[in-house]
Amino acid sequence: MTTEQIVFKTEILALAHKLMKRYPEGKHKSALIPILHLAQAEFGGWLSPPTMDYVASVLNIAPIEVYETASFYSMFNLKPVGKCLIEVCRTSSCWLCGAEDIIEHIEKTLHISVGETTSDGMFTLKAVECLGSCGTAPMMQVGADYHENLTIEKVDTLLKDFKSENKQSRYC
Amino acid sequence: MGKKLLLKNDHIPYIHKLSVYREHGGYSVLEKTLKTMTPDAVVEEVKKSGLRGRGGAGFPTGLKWSFLAKPEGVARYLVCNADESEPGTFKDRYLMERHPHLLIEGMIAASFALGANTSYIYIRGEYFYVARILEQAVAEAYEAGILGQNILGTGYNLDLHVQIGAGAYICGEETALLESLEGKRGNPRIKPPFPAIEGLYGCPTVVNNVETIMAVVPILELSGDEYAKIGLGKSAGTKLISASGHINNPGVYEIEMGITVEDFIYSQEYCGGIKGGRKLKAVVAGGSSVPILPADLILKTANGEPRLMTYESLGEGGFISGTMMGSGGFIVMDEDTSIVKNLYTFARFYHHESCGQCSPCREGTGWMEKIIGKILDGHGTLQDIDLLWDIQSKIEGKTICPLGEAAAWPVAAAIRHFRSEFEEYVTKPDSIKDIKHYYRLQN
Amino acid sequence: MPIVTIDDIKIEVPEGTSILQAARMIGGDIVPPTMCYYSSLKTSGGYCRTCIVKVEQGSAKDPRPIPKPVASCRTTVMDGMVVRNITSPENLEARAGVVEFLLLNHPLDCPVCDQAGECHLQDLSYENGKSETRYEFPRREFDPIDIGDKIKLHMNRCILCYRCVKVADQITDGRCHGVINRGEAAEISTYIEQAIDNDFSGNVIDVCPVGALTDKTFRFKSRVWYTKPLDAHRDCKKCSGKVRLWYQGEEVLRVTARKDEWGEVEKNEAGNADWICNECRFDKKEAKDWTIDGPTKVDRHSVISANHYEGLKMIKADTLRMMGAKPHGIKVELGEGALDPNNK
Ligand SMILES: Cc1cc2nc3c(=O)[nH]c(=O)nc-3n(C[C@H](O)[C@H](O)[C@H](O)COP(=O)(O)O)c2cc1C
Ligand code: SF4
Ligand code: FES
Ligand code: FES
């Protein structure tokens with residue numbers, strides 16, 4: 001992706017400016033995280049250095065301030081990921097209810113290990129920490145959607161659907 | 001059926017919609033409050049109610065509110081902590097998803113009490129879809145004149161915004177949350193100053209949990225004195241418990257504090273007993289950071305009294321034989337569960353979530369994870385168990401924020417109550433590997 | 001004015017004084033060691049936790065003890081406060097724990113580190129640590145990077161004290177230097193390794209307590225203990241021009257700011273640190289550029305003070321022992337006589 005392409009569409013830029021107005025005078029840096037979410041969703045599912053520089057220019061802050069913040073949070077991808085990011089919870093309650101089987105099954109089905117992307121660039125698999133869905137374990141998050149009470153069959157159906165609809169995972 | 005306050009309308013379809021919420025009495029408490037009470041009177045009612053913070057620390061809410069500095073001409077803020085990331089805890093998500101207007105009503109009443117004219121709900125990034133539900137509810141409320149200028153014609157103004165996080169447990173710590181809300185890294189601040197004096201944008205700020213803020217509505221409805229009668233002693237009111245693990249009915253339950261732990265685990269009204277009729281091995285009663293207790297100690301205190309679901313009873317015996325209410329994340333483990341493996345998932349979690357500012361937590365959490373991993377893999381030694389104990393004791397209390405303790409306590413408790421299991425991993429690694437010491441799907 | 005008791009010594013201090021400052025007023029070995037606090041940098045301190053002390057009595061008004069150790073650099077004294085530092089074995093044990101954590105991922109490459117001999121971590125571990133590491137896992141590793149053409153960053157050695165970030169923020173303009181990533185993976189970074197191009201950027205070297213930020217114009221030329229420090233000055237338009245020259249023979253190998261007994265850049269009468277500009281630091285390496293004020297008095301850091309070679313030998317021996325104790329990490333070969341300070 002070249003630098004020229006990294007410009008928000010008019011309506012997204014308007015949304016970013018609206019977000020910046022939710023805070024007191026001079027405190028518009030508060031909009032950084034919401035705007036980074038927009039940027040990640042708009043520019044290929046990850047935050048490249050040019051994307052972060054662009055966000056810095058939108059907010060009129062130093063690029064290092066964007067780097068510092070973006071690199072702190074686990075939902076921001078600083079490296080490219082597949083079109084559809086699958087995040088399976090592996091913490092206590094999910095583990096107690098079979099999360100490891102779910103992860104193994106996805107690994108086998110997609111022929112990748114946790115942290116990897118399929119060769120066609122479609123899927124990336126991540127094992128993540130508790131997503132607040134422990135009562136409906138095991139679970140996974142794909143974009144904004146929570147998929148709960150997973151079984152092997154359910155996972156198979158989901159993966160097939162994602163593939164056929166060429167799903168792009170977006171949080172927003 | 002126990003008393004329901006926050007979930008009393010849980011069975012009503014579309015209660016998340018403003019019209020339905022109002023049909024069932026929603027915002028009438030707010031209207032009465034704004035029209036007939038002074039802010040100080042609201043604080044007084046909350047004090048009388050005995051409400052304690054539901055985010056984990058259990059600090060009396062009314063008292064916390066009374067500490068808020070009120071310098072002339074300086075804005076004050078109320079920030080709702082909806083970061084909910086403590087493993088085993090999912091009640092705030094349930095509450096916000098189904099009862100967004102109850103949260104908004106509580107936010108307005110609490111903001112009024114504190115003299116805030118702008119407030120924020122900081123919600124964890126992964127709960128994007130819940131944030132959408134909240135945003136829709138906020139928009140409905142603005143439209144209906146419940147938010148914004150001259151709320152319900154009372155002259156009180158409040159702007160309420162939903163702020164999204166981006167994946168960081170540490171942002172549940174209140175000062176890290178404020179940093180994050182300012183667009184920065186979620187590094188906890190060094191205290192003092194406390195948020196009540198210098199919080200968001202350097203202004204006096206109160207941070208409260210979702211459930212705490214919602215509880216303000218029934219308190220104002222019933223009066224502080226009446227609310228205080230619900231529950232048991234200093235554990236006033238109801239508490240939302242997130243129940244998960246090897247139980248028949250996992251889910252979110254509103255309990256009146258004072259029921260027994262045994263009743264909570266085994267009665268059909270709540271968890272419905274252990275899955276597959278197996279035996280209970282251990283419980284983490286208040287979210288991943290509180291001490292794990294073996295079955296005998298969670299059901300009965302060391303003196304043989306039945307343990308109750310109250311702050312006091314769960315804490316009885318201190319860390320030697322007790323635990324904490326914490327955030328109410330109740331994780332149940334059956335007889336086949338590997339405590340070491342469960343601990344490993346916690347240790348990995350805290351390592352992953354350490355902000356990295358202070359050395360004991362930054363370095364110590366990873367070290368503990370590695371040692372537990374080594375023991376799990378059958379390469380541990382008996383000295384490793386002692387080393388683990390020593391490391392946790394050197395993290396505890398030495399850190400900037402309580403994440404240090406949160407990481408240390410589960411390690412200490414697992415060793416304290418299940419040392420023999422650690423030793424088994426060390427001395428009989430092969431036999432352990434054969435036994436399926438942890439759960440698979442088909443179970 | 002509040003009166004505080006530290007290790008049984010009473011002192012009256014101005015309102016708002018921190019426990020650490022009060023201890024420094026008393027002086028001597030009751031002063032807690034500091035790795036991240038820096039008196040001339042606002043909001044510094046609180047991170048490393050080496051300066052922790054035990055507060056046995058909170059104040060005269062509220063005599064309850066503080067249940068956890070506190071960071072003395074960020075805790076204000078109250079009237080009637082009773083503090084224990086070296087008279088509390090429990091506190092010393094807790095500090096030894098902190099030191100162990102600080103060294104956990106540290107490469108202990110002192111024999112090849114430019115900071116050896118003036119490294120606060122070396123002093124700290126010598127005075128407060130245990131001599132062996134119990135850490136058996138691979139250490140965190142980063143590649144060294146250049147920050148511009150004058151400064152080298154060895155992230156492996158960094159203890160995340162945040163001092164350089166505060167320098168970048170408070171005394172240079174247009175900050176492009178910060179901390180990225182989280183937790184154990186956190187690292188100092190410049191914005192795409194950009195040159196810190198700023199008149200005062202060189203001060204990050206002086207505030208770094210370890211050998212993470214070093215002067216590339218000095219690297220490998222010599223060991224600190226073979227150089228002779230002299231205080232000198234010149235008329236400089238940008239800074240005070242008050243520096244310390246590090247000589248070897250007739251040659252100026254390195255220019256730094258002057259440091260006080262706490263290892264911090266000296267303050268002028270107005271109480272502001274005499275930071276030096278990059279021109280004085282990097283470009284004035286001729287004796288003729290400078291007017292000599294006299295030999296440097298070094299009184300705290302045993303290693304660089306003249307003729308304390310005994311101490312040096314012990315520190316090096318100690319470092320070597322630590323290196324020997326760890327199964328992973330670099331191996332450093334030391335030739336015959338490496339421990340002999342007269343051997344060049
Ligand atoms: C590491 C850490 C994580 C925390 N996470 C949360 C959280 O997710 N939600 C929450 O309400 N409180 C959390 N807390 C507690 C908050 O710091 C704070 O005490 C709480 O929001 C106060 O609200 P309350 O008085 O209503 O409980 C956390 C504390 C720590 C130290
Ligand atoms: S305890 Fe951990 S999370 Fe808290 S400030 Fe220290 S490093 Fe950060
Ligand atoms: S443990 Fe998986 S969602 Fe909480
Ligand atoms: S010097 Fe006080 S915490 Fe680092």
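Just so we're on the same page: letters track the sequence lines, and every chain starts at 1.
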Heavy-atom proximity to chain B below 4.5 Å, by part of A:Glu68
both
Between B:Glu84 and B:Tyr127, do the side chains contain an N or O donor and an N or O acceptor separated by less than 3.5 Å?
yes
Without hydrogens or angle criteria, can the side chains of B:Asp10 and B:Tyr94 be said to hold a donor-acceptor pair below 3.5 Å?
yes
Please determine if A:Glu100 and B:Lys341 form a salt bridge, counting it only when a charged side-chain N lies under 4.0 Å from a carboxylate O.
yes
Do A:Glu148 and B:Arg93 meet the salt-bridge criterion of a basic N to acidic O distance under 4.0 Å?
yes
Using only non-hydrogen atoms and a strict under-4.5 angstrom cutoff, which residues of residues 20-37 of chain A touch chain B?
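Residues in range: A:Arg22, A:Tyr23, A:Pro24, A:Lys27, A:Lys29, A:Ser30, A:Leu32, A:Ile33, A:Pro34, A:His37.
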Within residues 163-172 of chain A, residues adjacent to chain B where the heavy-atom gap is under 4.5 Å
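Interface residues of residues 163-172 of chain A: A:Tyr171, A:Cys172.
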Those residues that, when tested against B:Glu369, pass salt bridge (charged side-chain N to carboxylate O under 4.0 Å, His left out) (two or more places apart)
none
The criterion is salt bridge (charged side-chain N to carboxylate O under 4.0 Å, His left out); which residues satisfy it with B:Lys184, sequence neighbours excluded?
B:Glu179, B:Glu182
For the CG atom on A:Asn60, are there more than 12 heavy atoms of other groups (residues, nucleotides or ligands in this structure) within a distance under 6.0 Å?
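No, CG of A:Asn60 has 12 or fewer neighbouring heavy atoms, counting only those of other groups under 6.0 Å.
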In terms of heavy-atom pairs under 4.5 Å with chain B, which of A:Cys94, A:Ser74, A:Ala70 leads?
A:Ser74
Shorter than 4.5 Å, heavy atoms on both sides: which option in A:Gln141, A:Arg90, A:Glu87 has the most such pairs with chain B?
A:Arg90
How long is the straight-line distance from OG1 of B:Thr175 back to CG of B:Asn187, given to the nearest 0.5 Å?
9.0 Å
Is A:His147 reaching over with its side chain to a backbone N or O of A:Met139, donor-acceptor style, under 3.5 angstrom?
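Checked: no pair found.
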May I ask you to decide if B:Ser85's main-chain N or O and B:Thr89's side chain share a donor-acceptor pair within less than 3.5 Å?
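Absent.
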